[in-house]
Amino acid sequence: VQLQASGGGLVQAGGSLRLSCTASGRTLSNYAMGWFRQASGKEREFVATISWGGARAAYADSVKGRFTISRDNAKNTAYLQMNILNPEDTAVYYCAAGDRRRDTGEAMRYPSAYDSWGQGTLVTVSS
């Protein structure tokens, strides 16, 4: 499956953005989806994941209560709604798709669980 992430940009602290990840090539319902981010000079880190049907979601502690992951399988698209952004959220955000048979919950917090990655979209939060 090919993934295309979009929706990044420049926003002031306290603002909101919604990222989208559109899939092509295969139906998204075969996959659990995840969002990761990588700030300059840092390792890629887990942000959020959602099960293939949307029944389960999990978040990094740093974004819990501010970010919401969702998906619309009919549109072959996953989303990351980001609220109350702060400068520490500045990073390139990547969406990823992992075989739903591999989705044991905890496993989807790790990049190795994912087979396909989008190209990344830059989010910059100014103070």
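Not counting sequence neighbours, the partners of F46 by the ring-ring contact (aromatic ring centres under 6.0 Å, His included) test are F36. Shown here are the side chain to side chain donor-acceptor pair (under 3.5 Å) partners of E45, two or more places apart in sequence or in another chain: R37. By the side chain to side chain contact (heavy atoms under 4.5 Å, CB included) test, A107 pairs with T104, sequence neighbours left out. Partners of Q38 according to the side chain to side chain contact (heavy atoms under 4.5 Å, CB included) rule, which considers only residues two or more places apart in sequence or in another chain, are R44, Y94. With sequence neighbours left out, T27 forms a side chain to side chain donor-acceptor pair (under 3.5 Å) with S29.
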**Request:** Verify salt bridge (Lys or Arg N to Asp or Glu O under 4.0 Å) between K64 and D61, making sure each step is shown before the conclusion.
**Result:** CA-CA 5 Å; K64 199 173 295 182; D61 288 344; 3.3 Å; yes
**Asked** After noting the C-alpha distance and the side-chain angles of S51 and D103, does the key distance pass the side chain to side chain donor-acceptor pair (under 3.5 Å) rule?
**Response** CA-CA 7 Å; S51 59; D103 184 1; 4.9 Å; no
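Listed by first and then second residue, the salt bridge (charged side-chain N to carboxylate O under 4.0 Å, His left out) pairs that reach into residues 18-30 come to none, sequence neighbours excluded.
Of all the heavy atoms in A23 and V1, the pair that sits closest is CB-CG2, 3.6 Å.
A distance of 8.0 Å separates OG of S24 from CG of N76, quoted to the nearest 0.5 Å. Separation of atoms OG1 (T121) and CD (Q4) is listed at 9.0 Å; rounding is to 0.5 Å. One finds the CD1 atom of I69 at 5.5 Å from the OG1 atom of T49 (value rounded to the nearest 0.5 Å).
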